[in-house]
Amino acid sequence: MDSYGFPDGNICNLLGSRYFHARHDINHSLQMHSSLIRRLSQENELEGHQGCVNTIAWNSTGSLLISGSDDTRMNIWSNNGRKLLHSIDTGHSANIFCTKFIPETSDELVVCGAGDAEVRLFNLSRLSGRGPDDNAIAPSAVYQCHTRRVKKLAVEVGNPNVVWSASEDGTLRQHDFREGASCPPAGSSPQECRNVLLDLRCGAKRSLADPPRQTLALKSCDISASRPHLLLVGGSDAFARLYDRRMLPPLTSCRKRIPPPPCVNYFCPMHLSERGRSGLHLTHVTFSPSGDEVLLSYSGEHVYLMNVNQAGGGAMRYASGDASKLMTFNPILNGLELQPPLSVVYKSSLRFKSNVTSVLEKCRKLVQIAEKCLEGGSNYYDGIEACNEVLDQHCHDIGLAIRHDCLCTRAGLLLKRKWKNDVHMAIRDCYNARRIDSSSFRALYYMSEALSQLGNYKEALEFAVAAQSVAPSNTEIAELVENLQKNLAAAETGKTNKANDGLLRSESRSGRALSLSDILYRSEANSDASQDGPTSEREDSDYDEELELDFETSISGDEGRDVEPNTLHGSLNLRIHRRGDSTRETSYANGSCGSPSSSQNDRMPYQPETVIDMKQRFVGHCNVGTDIKQASFLGQRGEYVASGSDDGRWFIWEKQTGRLIKMLLGDEAVVNCVQCHPFDCVVATSGIDNTIKIWTPTASVPSIVAGGSAGPETSNVLEAMESNQRRLSHNREVILCSPFELLERFRMHEFTEGTLHPLECAQS
């Protein structure tokens with residue numbers, strides 16, 4: 001893919017242009033130029049922690065780096081000397097997950113949040129010594145009002161008085177340093193910490209069509225640097241939420257539970273919005289430097305980019321049921337937009353008349369490369385990259401014919417590659433191709449094949465019949481129609497048998513309690529089904545009781561040293577609940593979840609919100625093993641996207657095209673954190689290792705891969721990505737600890753009677 005070139009051009013030409021053009025953003029362009037990124041290599045390794053480094057953050061000038069670890073210490077590092085300045089014993093009793101410098105305090109105030117549900121503020125000017133070994137200091141403030149782990153902190157540029165904390169208890173709290181140095185622990189009587197800015201303890205949605213009922217365990221939050229009134233949160237469901245702090249109700253106490261306030265925008269890729277999977281959740285959300293885009297990282301999923309603003313057709317919105325409309329055959333398409341309107345695209349192309357001929361020739365060659373990859377049955381990845389270059393980089397320059405051919409070719413390649421959710425991306429391409437030509441044989445054929453892969457045989461047959469009417473003499477489509485008819489008949493027979501079998505099991509279970517074995521084996525069967533294959537909805541379950549598994553992975557301190565390398569340990573929480581318990585789980589002491597008039601509102605049908613759809617997907621990494629995996633924008637212009645991975649690597653993509661341009665080996669097990677220096681081409685990463693790696697463009701030769709202290713990078717890029725895709729094809733529960741393993745431990749009496757204790761589950 002290097003032969004395609006990069007849109008930021010030659011760095012020498014860019015430097016030369018400074019003498020002829022008064023561009024104020026020239027330094028922004030140079031900070032993360034493609035030629036520098038391809039030379040990134042590990043420059044230094046910062047040693048000073050005794051456990052996993054879960055969080056890193058630069059100060060506003062980039063002179064200092066702060067880190068927090070499982071060893072409950074908070075370290076301050078010098079960027080210039082790459083050395084440890086201070087190591088603070090925070091007094092936390094659990095792993096530190098988030099740290100921040102407080103703005104406009106001369107970097108004297110620092111704050112951290114941890115698994116003990118506490119937020120602690122420290123004043124570095126009170127340090128008793130100036131070396132890293134003499135840093136005894138008491139916290140200036142201790143906030144104990146959260147009831148579960150604090151996963152993320154946010155600060156506002158220019159505001160030295162407030163920090164916001166997001167917790168898995170479902171609340172986002174606003175701590176004002178001017179109002180008090182501490183607060184009572186959660187559960188104290190009376191508990192009147194009036195600092196709850198967002199109460200989402202009844203805010204989680206199983207799918208877009210479902211009303212919020214359960215606790216949204218917050219995993220991440222961010223405040224826009226350009227518009228600080230905008231607040232972004234993500235947690236234990238598929239939807240990121242954007243709030244305007246100016247429109248939120250006054251701060252409340254944690255005793256008073258209120259219904260979730262309306263948000264400005266929901267963000268979620270369309271194909272993830274109607275799954276209803278309890279395990280799908282966000283691990284990180286962040287604004288772009290300009291504040292116009294957001295980046296979402298999902299556990300067991302990919303990284304997605306979305307627009308914040310809908311103005312100018314920049315953000316694509318969808319509503320409940322639109323995902324199913326994509327899969328429903330209509331002779332003529334209208335309504336749903338999955339891309340900027342074609343009129344907008346081609347009107348804007350008038351600006352590029354000077355080089356339109358050369359661009360069109362380049363795009364035709366790229367499409368030909370992609371078609372050869374499809375016909376040859378190999379190099380699907382390269383073919384998809386070629387199509388991405390045409391559709392994402394040159395969409396303003398190409399005509400409808402090239403666009404249609406490229407969409408169909410990419411759909412075929414995606415269906416052949418079969419990485420996670422490739423089938424859903426193929427459906428989008430087929431839909432967009434049919435918006436250009438509703439009777440396109442290739443679009444109809446590939447849509448039928450995609451729906452067949454999902455197990456939607458009825459809808460697939462409709463598209464196949466439509467394709468056959470376009471090309472009645474085509475033997476390939478005739479064979480597809482015949483196979484779909486057989487599959488549809490078999491599916492109907494299986495559905496009938498399942499209904500009869502469920503009736504018999506229901507009768508046989510009457511009068512006896514459902515065993516844990518029944519539930520676990522059912523859970524394993526559901527877990528083994530591919531997400532891109534036929535799915536069973538919650539409503540189709542034959543059991544009144546259902547199983548929920550929740551895992552947390554951790555390697556900290558001495559605990560991680562007693563096990564084999566590259567082994568993740570974690571605790572398991574098992575919850576068995578009966579149908580209808582969701583109302584009891586979310587009911588409050590003073591009534592049901594909602595306003596005092598919620599009983600009247602319950603009679604009204606729920607009206608799902610509209611949601612902003614993805615505009616780019618970044619694939620190749622793996623995010624299943626930890627709950628703090630970050631995805632970040634690189635540079636002041638945010639033209640590149642980076643994420644850690646469970647294979648010990650971290651990945652850098654071109655934001656506009658989703659093209660992978662660098663893969664670096666940054667940890668012996670897992671890279672969780674990737675933070676770019678605010679001004680220089682310097683990136684800090686951390687993960688399961690006890691060290692922080694510093695990366696700079698010091699390699700003598702540009703390349704797509706780079707090793708480090710964790711070892712040389714010997715894997716082929718495609719092999720590494722395919723290995724990660726195989727891990728993603730299993731859901732999070734199966735990868736970390738299968739219910740069969742849990743059942744075996746239950747049989748071996750590792751549970752005491754009447755209780756379920758945390759278990760150590762290892763995955764090599």
Side-chain angles (χ1 to χ4, degrees), residues 57-60 98 100-105 109 111 113 119 121 143 145-146 150-167 170-179 193-201 203 212 216 218-235 239-253 258-268 282 284-296 305-312 314-315 317 609-612 615 631-633 636-638 678:
W58 297 95
N59 66 345
S60 59
C98 42
K100 286 286 186 182
F101 287 99
I102 302 300
E104 307 299 329
T105 63
L109 289 185
V111 64
V119 176
L121 179 71
Y143 302 100
C145 39
H146 282 297
V150 177
K151 298 305 290 288
K152 205 69 175 180
L153 297 170
V155 294
E156 177 186 351
V157 175
N159 188 342
N161 302 309
V162 180
V163 65
W164 290 265
S165 59
S167 168
T171 65
L172 186 136
R173 296 172 182 266
Q174 178 174 298
H175 309 284
D176 194 322
F177 309 144
R178 298 164 296 186
E179 294 183 352
C193 270
R194 302 187 63 84
N195 60 6
V196 177
L197 179 64
L198 276 179
D199 188 346
L200 299 174
R201 288 174 284 182
L216 180 67
L218 294 178
K219 307 289 185 180
S220 184
C221 65
D222 194 25
I223 290 178
S224 173
S226 60
R227 291 174 289 178
H229 56 277
L230 294 182
L231 170 67
L232 182 68
V233 298
F239 303 92
R241 295 153 172 85
L242 180 68
Y243 293 93
D244 187 331
R245 291 193 286 125
R246 301 169 300 181
M247 306 300 293
L248 292 176
L251 300 178
T252 62
S253 69
I258 59 176
C263 63
V264 177
N265 282 327
Y266 279 88
F267 302 94
C268 181
L282 289 154
H284 191 72
V285 297
T286 186
F287 283 101
S288 65
S290 66
D292 295 328
E293 297 168 316
V294 296
L295 203 60
L296 312 184
L305 178 73
M306 286 122 176
N307 280 338
V308 171
N309 302 319
Q310 193 180 7
R317 284 186 177 270
E609 303 82 357
T610 59
V611 183
I612 292 182
K615 73 171 185 177
S632 306
F633 291 95
Q636 297 176 74
R637 299 173 64 178

Residues Leu172, Leu231; criterion side chain to side chain contact (heavy atoms under 4.5 Å, CB included); working and verdict: CA-CA 10 Å; Leu172 186 136; Leu231 170 67; 4.0 Å; yes
Exam field: side chain [X] to backbone [Y], donor-acceptor pair closer than 3.5 Å:
{"X": "Ser288", "Y": "Glu293", "value": "yes"}
{"X": "Asp199", "Y": "Arg201", "value": "yes"}
{"X": "Arg245", "Y": "Pro228", "value": "yes"}
{"X": "Ser226", "Y": "Ser290", "value": "yes"}
{"X": "Arg227", "Y": "Gly291", "value": "yes"}

Identify the heavy atoms of [X] and [Y] that sit nearest to each other, and give their distance.
{"X": "Glu104", "Y": "Asn159", "answer": "CG-N, 4.5 Å"}
{"X": "Ala57", "Y": "Phe101", "answer": "O-CE1, 3.8 Å"}
{"X": "Cys221", "Y": "Val233", "answer": "CB-CG1, 4.0 Å"}
{"X": "Gly158", "Y": "Pro103", "answer": "N-CB, 3.9 Å"}
{"X": "Thr286", "Y": "Leu232", "answer": "N-CD2, 3.8 Å"}
{"X": "Val119", "Y": "Ser165", "answer": "CG2-CB, 3.8 Å"}

Gap separating the [atom1] atom of [X] from the [atom2] atom of [Y], nearest 0.5 angstrom:
{"X": "Glu179", "Y": "Gln174", "atom1": "CD", "atom2": "CD", "value": "8.0 Å"}
{"X": "Lys615", "Y": "Asn307", "atom1": "NZ", "atom2": "CG", "value": "3.5 Å"}
{"X": "Ser167", "Y": "Lys219", "atom1": "OG", "atom2": "NZ", "value": "9.5 Å"}
{"X": "Leu198", "Y": "Leu248", "atom1": "CG", "atom2": "CG", "value": "5.5 Å"}
{"X": "Ile612", "Y": "Asn309", "atom1": "CD1", "atom2": "CG", "value": "8.0 Å"}
{"X": "Cys193", "Y": "Leu251", "atom1": "SG", "atom2": "CG", "value": "11.0 Å"}

Compare all side-chain heavy atoms of [X] with those of [Y] and state whether any distance is below 4.5 angstrom.
{"X": "Pro261", "Y": "Tyr243", "answer": "yes"}
{"X": "Leu218", "Y": "Lys152", "answer": "no"}
{"X": "His229", "Y": "Met247", "answer": "no"}
{"X": "Asp292", "Y": "Val308", "answer": "no"}
{"X": "Phe177", "Y": "Val162", "answer": "no"}
{"X": "Met306", "Y": "Val294", "answer": "yes"}
{"X": "Ile102", "Y": "Leu121", "answer": "yes"}
{"X": "Tyr266", "Y": "Arg317", "answer": "no"}

Leu153 and Trp164: CA distance, side-chain angles, deciding distance, side chain to side chain contact (heavy atoms under 4.5 Å, CB included) verdict: CA-CA 6 Å; Leu153 297 170; Trp164 290 265; over 6 Å; no
Sequence-distant partners of Val264, side chain to side chain contact (heavy atoms under 4.5 Å, CB included), two or more places apart: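 Partners of Val264 under the side chain to side chain contact (heavy atoms under 4.5 Å, CB included) test: Leu242, Asp244.
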Working for side chain to side chain contact (heavy atoms under 4.5 Å, CB included), residues Val196 and Ser253: CA-CA 6 Å; Val196 177; Ser253 69; over 6 Å; no
Those residues that, when tested against Phe287, pass ring pair (Phe, Tyr, Trp, His ring centres under 6.0 Å) (two or more places apart):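 Checked Phe287 against ring pair (Phe, Tyr, Trp, His ring centres under 6.0 Å); zero matches.
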Residue pair Leu216, Arg241: steps toward the side chain to side chain contact (heavy atoms under 4.5 Å, CB included) verdict: CA-CA 11 Å; Leu216 180 67; Arg241 295 153 172 85; 3.5 Å; yes
